[in-house]
Amino acid sequence: MRPPTPPVAAAVVCHAHPLHGGMMHFKVVFRAAKALQSAGLAVLRFNFRGVGRSEGVHDYGVGEEEDARAALFELQERLPGLPLVLGGFSFGSLVAVRVAARDRRVLSAFALGLPIGTADRAGELARLGAARLPSLFVQGERDAFGSGEALRALVETLPPPRELVVIPGADHFFEGHLDALQEAVAGWARGRPWEPRPAS
């Protein structure tokens, strides 16, 4: 997906868990991509290995991290010189956080519906914090895999720049709240978080 004007950055969006029906056409993934496009970014959605027409089989996050890095390489080749942004929804947000914390090409990251209730995510988020990447977290207040307040407690331990948006009444899939999700992502991207900020 390309914006109507020359792109200001390029983003990869990762989808939810492949074994639970996750694919690049999920509403949350599509809305996130549209939000980024509206802010001037070129966006690549893709299917993890074993999903749709993608080759391979589910690899419990390990191979999926390779898939995300391959998508970043593809964007880098198609749109050389543009800042790279990486994010995802649910399982895809975990993959994105892990890759973003280690891949120096990624200049900002976002996590939508981060599933923090399934394991201890403090260490993973700490690595993202250590990389000092400008990051956005969007969580449903009533997310069954980690409430907005539970995520707030983790995000507040991270150094800035980081932003958390908790959407009142929203569940893990943001049903009935997709417009709010889209605006949160678009507003963050319009601020061009990947650009260096002057020291205060």
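Here CG of L36 is found 11.5 Å from CG of L44. Values are rounded to the nearest 0.5 Å. Between L94 atom CG and E65 atom CD the span is 9.5 Å, to the nearest 0.5 Å. One distance of note links CZ of F137 with CG of L125; it measures 5.0 Å at 0.5 Å rounding. Note that CG of L112 is 7.0 Å distant from CG of L136, once rounded to the nearest 0.5 Å. Remark: E64 CD to F91 CZ distance equals 4.5 Å, nearest 0.5 Å. Taking CD from E183 and CZ from R190, the interatomic distance works out to 4.5 Å, rounded to the nearest 0.5 Å.
Scanning both residues, L41 and P3, for their nearest heavy atoms gives O-CD, 3.3 Å. The minimum heavy-atom distance linking V166 with P168 is given by the pair O-CD, 3.3 Å. Considering all non-hydrogen atoms of both residues, L114 and S93 come closest at CD1-OG, 3.2 Å. Closest approach of A96 and F110 over heavy atoms only: CB-O, 4.5 Å. Across all non-hydrogen atoms, the minimal contact from F174 to G140 is CE2-N, 3.6 Å. The heavy-atom pair separating P134 from W188 by the smallest distance is O-CZ2, 4.0 Å.
With a 6.0 Å radius and a threshold of 12 heavy atoms from other residues, nucleotides or ligands, R102 has its CZ atom above the threshold. Applying the 6.0 Å contact sphere to CZ of R105 captures more than 12 heavy atoms from other residues, nucleotides or ligands.
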Please evaluate residues R49 and D67 with respect to the criterion salt bridge (charged side-chain N to carboxylate O under 4.0 Å, His left out), reporting the C-alpha separation (whole Å), side-chain torsions for both, the decisive distance (0.1 Å), and the verdict.
CA-CA 7 Å; R49 57 190 60 205; D67 295 342; 2.8 Å; yes

Pair F145, H172 - check ring-ring contact (aromatic ring centres under 6.0 Å, His included), show working.
CA-CA 7 Å; F145 298 102; H172 185 63; 4.7 Å; yes

What do the steps show when you test F30 against H25 for ring-ring contact (aromatic ring centres under 6.0 Å, His included), and what is the final call?
CA-CA 6 Å; F30 177 76; H25 302 298; 8.7 Å; no

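Of the possible polar contacts, one joining the S135 side chain to the L133 backbone as a donor-acceptor pair under 3.5 Å is found. A donor-acceptor contact shorter than 3.5 Å is absent between the side chain of Q139 and the backbone of I167. Proximity of a side-chain donor or acceptor of E141 to a complementary backbone N or O of G169 within less than 3.5 Å is detected.
Taking the six-membered ring where tryptophan is involved, the planes of F89 and F26 are tilted, since the angle between them lies from 30° to 60°.
Side chains of R2 and Q37: no donor on one and acceptor on the other come within 3.5 Å.
Under a cutoff of 6.0 Å and an axis angle of 45°, R78 and F73 do not form a cation-pi pair.
No salt bridge links E66 with R69; every basic N to acidic carboxylate O contact stays at or beyond 4.0 Å. Taking the charged nitrogens against the carboxylate oxygens, R162 and E156 have no contact shorter than 4.0 Å, which rules out a salt bridge.
Under the 4.5 Å side-chain heavy-atom criterion for grouping Ile, Leu, Val, Met, Phe, Trp and Tyr, M24 is not connected to V185 through any hydrophobic cluster.
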